[in-house]
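What follows is a single structure, written as C-alpha coordinates, with notes after it.
Every chain is numbered from 1 and lettered A, B, ... according to where its sequence line falls, protein lines coming before strand lines. All values below were derived from every heavy atom in this structure, side-chain atoms included, with hydrogens, water molecules and symmetry-related copies excluded.
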Amino acid sequence: MPELPEVEVVRRGIDRWATGRPIAGVEVRYPRSIRRSPGGVAAIRDALVGDSFRCASRRGKYLWLPLTHKADLALVVHLGMSGQVLMQPRDAQDEKHLRVRIAFADDDREMRFVDQRTFGGLYLDELRSGLPTTIEHIARDPLDPLFDADATARAIRRKDTEIKRVLLDQSVVSGIGNIYADEALWRAKLHGRRPTGRLRQPRVRELLSHARDVMDAALGEGGTSFDSLYVNVNGESGYFDRSLDAYGREGEPCHRCGAPMRREAFMNRSSFRCPRCQPTPR
DNA sequence: CGCGCCTCCTGTGTGC
DNA sequence: TGCACACAGGAGGCGC
(Lines give C-alpha, C1' and ligand atoms only; values in the text may rest on other atoms or scores of the structure.)
Protein backbone atom coordinates (compact mmCIF):
# COMPACT_ATOMS: atom_id res chain seq x y z
CA MET A 1 0.00 0.00 0.00
CA PRO A 2 2.00 2.92 -1.25
CA GLU A 3 2.10 5.89 1.06
CA LEU A 4 4.56 8.76 0.95
CA PRO A 5 7.85 6.80 1.37
CA GLU A 6 6.98 4.26 -1.29
CA VAL A 7 5.84 6.97 -3.68
CA GLU A 8 9.06 8.90 -3.09
CA VAL A 9 11.12 5.83 -3.98
CA VAL A 10 9.14 5.57 -7.21
CA ARG A 11 9.69 9.27 -7.88
CA ARG A 12 13.44 8.88 -7.53
CA GLY A 13 13.39 5.89 -9.85
CA ILE A 14 11.48 7.75 -12.54
CA ASP A 15 13.70 10.80 -12.13
CA ARG A 16 16.79 8.63 -12.55
CA TRP A 17 15.66 6.39 -15.38
CA ALA A 18 12.92 8.07 -17.37
CA THR A 19 13.47 11.82 -17.49
CA GLY A 20 14.99 13.54 -20.50
CA ARG A 21 14.42 10.56 -22.78
CA PRO A 22 12.46 11.06 -26.02
CA ILE A 23 9.08 9.37 -25.73
CA ALA A 24 8.30 7.16 -28.70
CA GLY A 25 4.97 5.57 -27.88
CA VAL A 26 2.14 5.06 -25.41
CA GLU A 27 0.12 1.88 -25.21
CA VAL A 28 -2.93 1.70 -22.97
CA ARG A 29 -3.81 -1.89 -22.22
CA TYR A 30 -6.63 -1.05 -19.84
CA PRO A 31 -8.58 2.18 -20.48
CA ARG A 32 -9.84 2.40 -16.91
CA SER A 33 -6.32 3.25 -15.81
CA ILE A 34 -6.50 6.52 -17.75
CA ARG A 35 -10.16 7.26 -16.98
CA ARG A 36 -9.27 10.61 -15.42
CA SER A 37 -7.37 11.76 -18.50
CA PRO A 38 -9.28 14.23 -20.70
CA GLY A 39 -9.25 13.13 -24.33
CA GLY A 40 -8.27 9.58 -23.58
CA VAL A 41 -5.29 7.78 -25.02
CA ALA A 42 -5.20 9.95 -28.16
CA ALA A 43 -4.60 13.10 -26.12
CA ILE A 44 -1.94 11.38 -24.02
CA ARG A 45 -0.16 10.21 -27.17
CA ASP A 46 -0.40 13.64 -28.80
CA ALA A 47 1.13 15.25 -25.74
CA LEU A 48 3.83 12.72 -24.89
CA VAL A 49 5.16 11.33 -28.15
CA GLY A 50 8.06 13.47 -29.37
CA ASP A 51 8.37 15.20 -26.02
CA SER A 52 10.10 14.01 -22.84
CA PHE A 53 9.58 14.11 -19.09
CA ARG A 54 11.46 17.05 -17.63
CA CYS A 55 11.60 15.65 -14.08
CA ALA A 56 9.54 13.72 -11.56
CA SER A 57 7.77 15.72 -8.84
CA ARG A 58 5.75 14.63 -5.87
CA ARG A 59 3.33 16.00 -3.30
CA GLY A 60 2.00 13.54 -0.76
CA LYS A 61 1.07 10.39 -2.67
CA TYR A 62 0.79 12.13 -6.03
CA LEU A 63 3.51 12.12 -8.67
CA TRP A 64 3.62 14.28 -11.75
CA LEU A 65 5.97 14.36 -14.70
CA PRO A 66 6.10 17.79 -16.39
CA LEU A 67 6.84 17.73 -20.10
CA THR A 68 9.96 19.40 -21.41
CA HIS A 69 8.55 21.23 -24.42
CA LYS A 70 4.91 21.61 -23.40
CA ALA A 71 5.88 23.25 -20.15
CA ASP A 72 2.31 23.72 -18.92
CA LEU A 73 1.45 20.01 -19.18
CA ALA A 74 2.26 17.07 -16.94
CA LEU A 75 1.45 13.40 -16.69
CA VAL A 76 0.03 12.78 -13.22
CA VAL A 77 0.64 9.36 -11.69
CA HIS A 78 -1.31 8.03 -8.73
CA LEU A 79 -0.51 4.54 -7.49
CA GLY A 80 -3.76 4.08 -5.56
CA MET A 81 -3.72 0.84 -3.59
CA SER A 82 -1.62 -1.40 -5.74
CA GLY A 83 0.04 0.65 -8.46
CA GLN A 84 3.65 0.18 -9.47
CA VAL A 85 5.88 1.95 -11.97
CA LEU A 86 8.51 -0.36 -13.40
CA MET A 87 11.34 0.15 -15.84
CA GLN A 88 11.55 -3.00 -17.91
CA PRO A 89 13.36 -4.20 -21.02
CA ARG A 90 11.07 -3.89 -24.02
CA ASP A 91 11.11 -7.63 -24.59
CA ALA A 92 10.36 -8.54 -20.97
CA GLN A 93 7.15 -10.50 -20.59
CA ASP A 94 4.07 -8.42 -19.80
CA GLU A 95 3.10 -8.36 -16.16
CA LYS A 96 -0.31 -9.84 -15.42
CA HIS A 97 -1.69 -6.45 -14.48
CA LEU A 98 0.20 -4.31 -16.95
CA ARG A 99 -2.06 -1.32 -17.70
CA VAL A 100 0.01 1.25 -19.57
CA ARG A 101 3.34 1.12 -21.36
CA ILE A 102 5.45 4.14 -22.32
CA ALA A 103 8.28 3.47 -24.75
CA PHE A 104 11.33 5.63 -25.36
CA ALA A 105 13.07 6.29 -28.65
CA ASP A 106 16.46 5.29 -27.27
CA ASP A 107 14.98 1.83 -26.78
CA ASP A 108 16.54 1.21 -23.41
CA ARG A 109 13.87 -0.06 -21.01
CA GLU A 110 10.29 1.13 -21.19
CA MET A 111 8.21 2.52 -18.35
CA ARG A 112 5.30 0.34 -17.28
CA PHE A 113 2.34 1.11 -15.07
CA VAL A 114 1.18 -2.07 -13.36
CA ASP A 115 -1.87 -2.02 -11.10
CA GLN A 116 -3.88 -4.94 -9.81
CA ARG A 117 -6.81 -3.18 -8.16
CA THR A 118 -6.97 -0.27 -10.59
CA PHE A 119 -7.59 2.41 -7.98
CA GLY A 120 -4.58 4.18 -9.39
CA GLY A 121 -4.05 5.70 -12.80
CA LEU A 122 -2.31 8.11 -15.13
CA TYR A 123 -3.71 11.33 -16.55
CA LEU A 124 -2.76 14.51 -18.30
CA ASP A 125 -3.19 17.74 -16.40
CA GLU A 126 -2.33 21.39 -16.80
CA LEU A 127 0.17 22.99 -14.47
CA ARG A 128 -0.73 26.16 -12.62
CA SER A 129 2.15 27.67 -10.67
CA GLY A 130 3.95 24.40 -11.24
CA LEU A 131 1.22 22.27 -9.66
CA PRO A 132 -1.29 20.09 -11.53
CA THR A 133 -4.70 21.71 -11.20
CA THR A 134 -6.27 18.49 -9.91
CA ILE A 135 -4.01 18.36 -6.89
CA GLU A 136 -4.20 21.96 -5.82
CA HIS A 137 -6.28 20.87 -2.85
CA ILE A 138 -3.58 18.46 -1.62
CA ALA A 139 -1.67 19.92 1.32
CA ARG A 140 2.11 19.82 1.61
CA ASP A 141 3.48 16.66 3.19
CA PRO A 142 5.70 16.47 6.29
CA LEU A 143 8.83 15.80 4.19
CA ASP A 144 8.27 18.92 2.08
CA PRO A 145 10.89 21.59 2.94
CA LEU A 146 8.08 24.17 2.91
CA PHE A 147 5.83 22.12 5.22
CA ASP A 148 4.54 24.46 7.93
CA ALA A 149 4.11 22.35 11.06
CA ASP A 150 2.66 25.17 13.14
CA ALA A 151 0.02 26.07 10.58
CA THR A 152 -0.81 22.39 10.05
CA ALA A 153 -1.20 21.81 13.78
CA ARG A 154 -3.55 24.76 13.95
CA ALA A 155 -5.55 23.44 10.99
CA ILE A 156 -5.81 20.06 12.69
CA ARG A 157 -7.11 21.57 15.92
CA ARG A 158 -9.69 23.58 14.02
CA LYS A 159 -11.27 20.39 12.69
CA ASP A 160 -14.19 19.04 14.67
CA THR A 161 -13.39 15.36 14.39
CA GLU A 162 -11.11 12.56 15.59
CA ILE A 163 -7.35 12.78 15.21
CA LYS A 164 -6.83 9.78 12.94
CA ARG A 165 -9.40 11.07 10.48
CA VAL A 166 -7.44 14.30 10.08
CA LEU A 167 -4.15 12.47 9.66
CA LEU A 168 -5.75 10.74 6.68
CA ASP A 169 -7.23 13.95 5.26
CA GLN A 170 -4.90 14.82 2.39
CA SER A 171 -6.17 18.38 2.25
CA VAL A 172 -4.82 19.03 5.77
CA VAL A 173 -1.58 17.06 5.67
CA SER A 174 -0.69 14.75 2.81
CA GLY A 175 1.23 11.53 2.34
CA ILE A 176 -0.08 9.74 5.41
CA GLY A 177 -2.18 6.61 4.87
CA ASN A 178 -3.60 4.03 7.24
CA ILE A 179 -0.23 2.43 8.03
CA TYR A 180 1.77 5.53 8.90
CA ALA A 181 -1.20 7.09 10.70
CA ASP A 182 -1.21 4.12 13.09
CA GLU A 183 2.57 4.28 13.43
CA ALA A 184 2.57 8.02 14.23
CA LEU A 185 -0.27 7.61 16.75
CA TRP A 186 1.58 4.75 18.45
CA ARG A 187 4.76 6.82 18.74
CA ALA A 188 2.77 9.74 20.12
CA LYS A 189 0.84 7.45 22.52
CA LEU A 190 -2.44 8.77 21.19
CA HIS A 191 -5.68 6.94 20.47
CA GLY A 192 -6.94 7.64 16.95
CA ARG A 193 -10.36 8.59 18.25
CA ARG A 194 -9.08 11.45 20.38
CA PRO A 195 -11.07 14.57 19.47
CA THR A 196 -8.81 17.07 17.73
CA GLY A 197 -10.15 20.05 19.62
CA ARG A 198 -9.09 18.56 22.94
CA LEU A 199 -5.45 18.16 21.99
CA ARG A 200 -3.01 20.91 22.88
CA GLN A 201 -0.92 22.48 20.16
CA PRO A 202 2.42 20.94 21.34
CA ARG A 203 0.82 17.47 21.33
CA VAL A 204 -0.27 17.91 17.73
CA ARG A 205 3.18 19.23 16.80
CA GLU A 206 4.69 16.16 18.43
CA LEU A 207 2.37 13.88 16.49
CA LEU A 208 3.34 15.55 13.21
CA SER A 209 7.02 15.13 14.10
CA HIS A 210 6.43 11.43 14.66
CA ALA A 211 4.65 11.15 11.33
CA ARG A 212 7.61 12.81 9.63
CA ASP A 213 10.14 10.65 11.49
CA VAL A 214 8.43 7.34 10.76
CA MET A 215 8.04 8.15 7.07
CA ASP A 216 11.62 9.39 6.91
CA ALA A 217 12.83 6.14 8.49
CA ALA A 218 10.80 4.07 6.03
CA LEU A 219 12.24 6.11 3.19
CA GLY A 220 15.73 5.46 4.57
CA GLU A 221 15.13 1.75 4.28
CA GLY A 222 14.11 2.40 0.72
CA GLY A 223 11.94 -0.57 -0.06
CA THR A 224 13.41 -2.89 -2.63
CA SER A 225 14.97 -1.99 -5.96
CA PHE A 226 13.07 0.17 -8.37
CA ASP A 227 13.54 -1.97 -11.44
CA SER A 228 12.07 -5.21 -10.20
CA LEU A 229 8.90 -5.59 -8.19
CA TYR A 230 8.90 -2.69 -5.79
CA VAL A 231 6.01 -3.13 -3.40
CA ASN A 232 3.91 -6.16 -3.87
CA VAL A 233 0.29 -5.96 -2.87
CA ASN A 234 0.70 -8.57 -0.19
CA GLY A 235 2.78 -6.06 1.73
CA GLU A 236 6.00 -7.95 1.23
CA SER A 237 8.36 -5.05 0.78
CA GLY A 238 11.73 -4.52 2.42
CA TYR A 239 10.86 -2.57 5.50
CA PHE A 240 7.37 -3.80 6.28
CA ASP A 241 8.13 -6.60 8.69
CA ARG A 242 11.16 -4.99 10.24
CA SER A 243 10.16 -1.58 11.44
CA LEU A 244 6.43 -1.37 12.07
CA ASP A 245 5.37 -0.94 15.69
CA ALA A 246 1.60 -0.88 15.27
CA TYR A 247 0.23 -1.75 11.86
CA GLY A 248 -0.64 -5.43 11.40
CA ARG A 249 0.54 -6.41 14.90
CA GLU A 250 -2.77 -7.62 16.39
CA GLY A 251 -2.13 -9.83 19.41
CA GLU A 252 1.62 -9.23 19.36
CA PRO A 253 3.31 -7.49 22.30
CA CYS A 254 3.62 -3.72 22.23
CA HIS A 255 7.25 -2.86 21.50
CA ARG A 256 7.12 -0.37 24.39
CA CYS A 257 5.12 -1.96 27.20
CA GLY A 258 4.47 -5.55 26.13
CA ALA A 259 0.67 -5.39 26.23
CA PRO A 260 -1.00 -7.31 23.38
CA MET A 261 -1.75 -4.97 20.48
CA ARG A 262 -5.37 -4.57 19.45
CA ARG A 263 -7.07 -4.31 16.11
CA GLU A 264 -10.27 -2.34 15.77
CA ALA A 265 -12.52 -1.31 12.91
CA PHE A 266 -12.31 2.38 12.18
CA MET A 267 -13.45 4.25 9.08
CA ASN A 268 -14.27 0.98 7.34
CA ARG A 269 -10.71 -0.26 7.76
CA SER A 270 -8.42 -1.61 10.46
CA SER A 271 -6.66 0.34 13.15
CA PHE A 272 -3.95 -1.08 15.37
CA ARG A 273 -3.00 0.31 18.76
CA CYS A 274 -1.64 -0.56 22.16
CA PRO A 275 -4.47 -0.65 24.71
CA ARG A 276 -2.15 0.50 27.50
CA CYS A 277 -0.06 3.19 25.76
CA GLN A 278 -2.98 4.47 23.69
CA PRO A 279 -6.00 4.20 25.98
CA THR A 280 -9.52 4.77 24.72
CA PRO A 281 -10.66 8.36 25.28
CA ARG A 282 -13.70 8.74 27.51
C1' DC B 1 -20.13 24.42 4.64
C1' DG B 2 -18.17 20.55 6.74
C1' DC B 3 -18.19 16.03 8.33
C1' DG B 4 -18.39 11.19 7.42
C1' DC B 5 -20.10 7.30 4.89
C1' DC B 6 -20.23 4.84 0.45
C1' DT B 7 -18.16 3.21 -3.56
C1' DC B 8 -14.95 1.74 -6.81
C1' DC B 9 -11.70 -2.69 -7.86
C1' DT B 10 -9.55 -7.58 -7.73
C1' DG B 11 -6.78 -11.23 -5.60
C1' DT B 12 -6.13 -13.67 -1.44
C1' DG B 13 -7.43 -15.97 2.65
C1' DT B 14 -10.88 -18.16 5.49
C1' DG B 15 -14.85 -20.64 6.95
C1' DC B 16 -18.64 -23.57 6.04
C1' DT C 1 -13.72 -29.42 -3.26
C1' DG C 2 -15.94 -25.39 -4.10
C1' DC C 3 -18.49 -21.53 -3.10
C1' DA C 4 -19.40 -17.20 -0.60
C1' DC C 5 -17.73 -13.62 1.66
C1' DA C 6 -14.52 -10.60 4.32
C1' DC C 7 -10.66 -7.92 3.69
C1' DA C 8 -7.00 -4.81 1.89
C1' DG C 9 -7.69 1.02 1.39
C1' DG C 10 -6.90 5.98 -1.45
C1' DA C 11 -9.84 9.41 -2.42
C1' DG C 12 -13.76 11.45 -5.05
C1' DG C 13 -18.49 12.18 -4.49
C1' DC C 14 -22.54 12.82 -2.21
C1' DG C 15 -25.97 12.94 1.57
C1' DC C 16 -27.14 14.82 5.81
Side-chain angles (χ1 to χ4, degrees), chain A residues 1-8 10-11 28-38 58-64 76-85 94-100 113-123 125 131-142 154-185 192-198 211 215 218 229-237 240-241 244 246-251 262-272:
Chain A
M1 290 130 265
E3 298 181 30
L4 187 154
E6 296 78 24
V7 178
E8 174 58 17
V10 172
R11 189 199 68 75
V28 174
R29 304 276 312 269
Y30 189 77
R32 261 198 74 78
S33 292
I34 60 153
R35 64 192 176 279
R36 299 182 67 189
S37 202
R58 182 187 59 75
R59 174 175 289 195
K61 304 169 196 171
Y62 281 90
L63 294 169
W64 70 94
V76 178
V77 179
H78 197 278
L79 302 177
M81 286 276 307
S82 53
Q84 304 168 345
V85 177
D94 286 0
E95 290 77 9
K96 184 172 181 195
H97 302 291
L98 174 64
R99 308 302 189 188
V100 180
F113 180 70
V114 177
D115 188 15
Q116 182 209 103
R117 293 179 213 175
T118 68
F119 278 22
L122 312 179
Y123 60 93
D125 196 7
L131 203 62
T133 58
T134 54
I135 66 168
E136 285 174 331
H137 65 291
I138 302 293
R140 291 188 189 275
D141 58 72
R154 281 196 299 276
I156 288 174
R157 294 180 71 226
R158 276 199 299 273
K159 292 277 179 183
D160 181 20
T161 187
E162 299 157 329
I163 187 65
K164 182 168 175 180
R165 290 181 185 277
V166 200
L167 283 183
L168 297 174
D169 184 341
Q170 307 296 303
S171 69
V172 176
V173 51
S174 72
I176 304 174
N178 199 38
I179 295 171
Y180 294 111
D182 278 3
E183 294 301 310
L185 289 164
R193 306 204 85 127
R194 290 281 292 270
T196 49
R198 304 260 271 277
M215 291 196 290
L229 202 68
Y230 162 59
V231 173
N232 96 21
V233 285
N234 303 316
E236 297 165 352
S237 67
F240 252 66
D241 294 337
L244 296 184
Y247 188 83
R249 300 197 63 245
E250 181 182 20
R262 270 191 207 162
R263 172 177 141 171
E264 283 155 1
F266 182 63
M267 291 176 74
N268 264 343
R269 57 207 57 183
S270 290
S271 283
F272 299 86

Query - Presence of A/K159 side-chain N/O under 4.0 Å of B/dG2 phosphate oxygens OP1/OP2 - result: no
Query raised in the report: Side-chain N or O of A/T161 less than 4.0 angstrom from OP1 or OP2 on B/dG4?
Result: yes
Query raised in the report: If you round to the nearest 0.5 Å, how far is CD of A/E95 from CD of A/Q116?
Result: 13.5 Å
Report task. Mind checking the OG-CZ spacing from A/S271 to A/R193? Nearest 0.5 Å is all I need. Result ->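 That separation rounds to 8.0 Å.
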Query - Residues A/K61 and A/D141 bridged, charged N to O under 4.0 Å - result: no
Query raised in the report: Which part of the nucleic acid, if any, lies within contact of A/F266, taking any heavy atom under 4.0 Å across all strands shown: a base, the sugar-phosphate backbone alone, or nothing?
Result: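 No contact at all - A/F266 keeps every heavy atom at 4.0 Å or more from the nucleic acid.
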Query raised in the report: Does A/R99 count as lying over the ring of A/F113, i.e. NZ or CZ under 6.0 Å from the six-ring centre, within 45 degrees of the axis?
Result: no
Query raised in the report: Taking five pairs at each end of the helix from B/dG2-C/dC16 to B/dC16-C/dG2, what angle separates the two helix axes (nearest 10°)?
Result: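 Both end axes considered, the difference amounts to 60°.
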Query - Nucleotide B/dC6, atom P - distance to CE of A/M267 in whole Å - result: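 Value for this atom pair: 12 Å.
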Query raised in the report: Separation of A/I163 atom CD1 from B/dC3 atom P, in whole Å?
Result: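 Taking CD1 of A/I163 and P of B/dC3, I get 13 Å after rounding.
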Query raised in the report: Can you give one letter per nucleotide of nucleotides 6-15 of chain C, 5' to 3': B if a protein heavy atom sits under 4.0 Å from the base, S if only from the sugar-phosphate, - if neither?
Result: --BBBBS---
Query - Test side chain to side chain donor-acceptor pair (under 3.5 Å) applied to A/N178 and A/K164, A/E183, A/R269, the passing residue - result: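 The residue from A/K164, A/E183, A/R269 that satisfies side chain to side chain donor-acceptor pair (under 3.5 Å) with A/N178 turns out to be A/K164.
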Query raised in the report: Pick the nucleotide of DNA chain B nearest each of A/R158 and A/T118; which residue has the one closer to the 5' end?
Result: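 By nearest-heavy-atom nucleotide position, the 5'-most residue is A/R158.
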Report task. Compare all side-chain heavy atoms of A/Y62 with those of A/Q170 and state whether any distance is below 4.5 angstrom. Result -> no
Requested in this report: With sequence neighbours left out, write down each residue that passes side-chain hydrogen bond (donor to acceptor under 3.5 Å, both in side chains) with A/Y123, or none if nothing qualifies.
Outcome: A/T134
Report task. Verify, without hydrogens or angle tests, whether A/S174 (side chain) and A/I138 (backbone) share a donor-acceptor contact under 3.5 angstrom. Result -> no
